[in-house]
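Okay, structure first, notes after.
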Number of protein chains: 2
Amino acid sequence: MNEPSYEQFFANFSNYTRMKIIIALADGPLSVNELTEQIGDEQSNVSHHLKQMAHCSLVDVKREGKKRIYSLNEKTVKPMLAMAQEHVFGSCTNCAGDCRSCAEGVR
Amino acid sequence: MNEPSYEQFFANFSNYTRMKIIIALADGPLSVNELTEQIGDEQSNVSHHLKQMAHCSLVDVKREGKKRIYSLNEKTVKPMLAMAQEHVFGSCTNCAGDCRSCAEGVR
DNA sequence: AAAACATATGAATGAACCATCATATGAACA
DNA sequence: TGTTCATATGATGGTTCATTCATATGTTTT
């Protein structure tokens, strides 16, 4: 069996739009339009990201009339976020409770 | 207090070279040269990545003569990897135990 | 079946990122 | 103190990625 490419999995969490999607879905399932409105992004962009995330099983889709309702894979995603939060606020000495410093490039 | 930018934190895990660094360091601390040899990458590239990772407190550095010994922040990184593994092998229906499919672009 | 609505898809542009090269810094030792 | 070793840094070019636009698909409603 081959080594899976974890970096690809993690890439799902490393983009602002996708993070907004995740955080929005953390409160419950949403349609694409609802998502689009909540995060203030373009519908087609949201769809593109959802496709990627669905492919990696981070979100799940259900048809409902003409809508598609997306929901989080909570088993994976919520603990993931919790760990990130713990690190950023607890372990990252540079962040010190306000991780904008981690948002800046470093080079 | 501001929302930290989790996506930046996760970006540390979303690159192949950085993943190789992490996996190499999982077995114990290494100098830059040792890392460079183990993962077959260029010294300056490894250094660049280490800088980023150190900034986000994912690795720690100690001087030792002219060498610098890097070690993992195990508290954060190892559970993170474990969760990724669990997802990829356990929850990701597309991956089915061999996640090269997640490595391919999806569009 | 046509119209309206909801979402997905493909192509294209612009931005961000990464690897590389050249070189700088700093430490040890002759 | 000059040389070698170990690592860091800055700039650059190439590639990948994200967003946008235009359009297609599919579903419901009339």
Side-chain angles (χ1 to χ4, degrees), chain A residues 5-22 24-25 29-56 58-71 94 100 102-107, chain B residues 5-22 24-25 29-56 58-71 94 100 102-107:
Chain A
S5 53
Y6 297 120
E7 68 273 12
Q8 202 63 28
F9 164 74
F10 282 110
N12 285 291
F13 298 88
S14 68
N15 167 273
Y16 185 41
T17 300
R18 286 192 292 267
M19 189 53 67
K20 284 189 288 185
I21 290 174
I22 287 172
L25 291 181
L30 293 171
S31 72
V32 177
N33 266 344
E34 290 167 330
L35 264 173
T36 297
E37 283 164 22
Q38 279 206 26
I39 72 180
D41 237 303
E42 259 208 23
Q43 179 268 316
S44 88
N45 192 30
V46 172
S47 276
H48 280 305
H49 284 298
L50 285 170
K51 183 177 184 183
Q52 168 68 41
M53 294 165 81
H55 178 257
C56 284
L58 293 181
V59 298
D60 203 36
V61 210
K62 275 183 198 164
R63 294 186 163 283
E64 197 173 280
K66 33 188 167 183
K67 301 187 177 180
R68 302 208 178 177
I69 309 297
Y70 282 86
S71 56
N94 283 303
R100 279 170 309 179
C102 272
E104 296 155 15
V106 138
R107 281 192 180 181
Chain B
S5 52
Y6 296 120
E7 67 274 13
Q8 201 63 28
F9 165 74
F10 283 110
N12 285 292
F13 298 88
S14 69
N15 165 275
Y16 185 39
T17 300
R18 286 193 292 268
M19 191 50 71
K20 284 189 288 183
I21 290 174
I22 287 172
L25 290 181
L30 291 171
S31 71
V32 177
N33 266 343
E34 289 167 331
L35 264 173
T36 296
E37 283 164 23
Q38 279 206 25
I39 72 180
D41 238 303
E42 257 207 27
Q43 180 267 316
S44 88
N45 193 30
V46 172
S47 275
H48 280 305
H49 284 298
L50 286 170
K51 184 179 182 180
Q52 169 67 42
M53 295 165 82
H55 178 257
C56 285
L58 294 182
V59 297
D60 202 37
V61 210
K62 276 183 198 165
R63 295 186 163 281
E64 197 173 280
K66 33 188 169 184
K67 301 186 174 177
R68 302 208 179 177
I69 309 297
Y70 281 86
S71 56
N94 284 302
R100 280 169 309 179
C102 273
E104 295 154 17
V106 138
R107 281 191 182 182

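All chains are named by letter (A, B, ...) in the order of the sequence lines, taking the proteins before the strands, and each is independently numbered beginning at 1. Worth saying up front: this structure is predicted, and the values here are computed from it rather than measured.
You'll find the side chain of B:R68 reaches within 4.5 Å of the side chain of B:R63, heavy atoms only.
One interatomic measurement links the two molecules: CD1 of A:I21 to C1' of C:dT7, which rounds to 13 Å at whole-angstrom precision. Atom CD of B:Q52 is separated from atom P of C:dA16 by 15 Å (rounded to the nearest Å). Computed from coordinates, the B:Y16 OH to C:dC17 C1' distance equals 18 Å when rounded to whole Å. Spacing between atom CD of A:Q8 and atom P of D:dT16 amounts to 12 Å, rounded to whole angstrom units. Atoms CD (B:E42) and P (D:dG14) sit 16 Å apart, rounded to a whole Å. In this structure, A:E64 places its CD atom 13 Å from C1' of C:dA6, rounding to the nearest Å.
Residues satisfying the ring-ring contact (aromatic ring centres under 6.0 Å, His included) criterion with A:F10, sequence neighbours excluded, are B:F13. Qualifying side-chain hydrogen bond (donor to acceptor under 3.5 Å, both in side chains) partners for B:S47, counting only residues two or more places apart in sequence or in other chains: B:Q43. Remark: B:K67 engages no residue in a side-chain hydrogen bond (donor to acceptor under 3.5 Å, both in side chains) (not counting sequence neighbours). Every residue two or more places apart in sequence or in another chain that forms a side chain to side chain contact (heavy atoms under 4.5 Å, CB included) with A:R18 is listed here: A:S14, A:N15, A:H49, A:M53.
Phosphate proximity of C:dC17 to B:H49: absent, as no side-chain N or O sits under 4.0 Å from OP1 or OP2. Contact between the side-chain N/O atoms of B:N15 and the OP1/OP2 oxygens of C:dC18 is found at a separation under 4.0 Å. Taking side-chain N and O atoms only, A:R63 has no distance below 4.0 Å to OP1 or OP2 of C:dT7.
Nearest nucleotide to the A:R18 side chain, out of D:dA18, C:dT20, C:dA19: D:dA18.
Taking CG from B:N45 and CG from B:L50, the interatomic distance works out to 9.5 Å, rounded to the nearest 0.5 Å.
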Pick out the pairs of N or O atoms, protein on one side and nucleotides 2-9 of chain D on the other, that lie under 3.5 Å.
from, atom 1, to, atom 2, distance (Å)
D:dC5, O4', B:K66, NZ, 3.4
D:dT7, OP1, B:V32, N, 3.3
D:dT7, OP1, B:R68, N, 3.2
D:dT7, OP2, B:N33, N, 2.9
D:dT7, OP2, B:N33, OD1, 3.4
D:dT7, OP2, B:N33, ND2, 3.1
D:dA8, OP1, B:Y70, OH, 2.6
D:dA8, OP2, B:S47, OG, 2.7
D:dA8, N7, B:Q43, NE2, 2.9
D:dA8, N6, B:Q43, OE1, 3.3

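Annotation: of the two residues near DNA chain D, A:G65 and A:A11, the 5′-most nearest-nucleotide partner is A:A11.
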Check residues 32-40 of chain B and write down every donor-acceptor pair under 3.5 Å in which the side-chain atom is one partner and the other belongs to a residue at least two apart or another chain.
from, atom 1, to, atom 2, distance (Å)
B:E34, OE1, B:S31, N, 2.8
B:E34, OE1, B:S31, OG, 3.3
B:T36, OG1, B:V32, O, 2.8

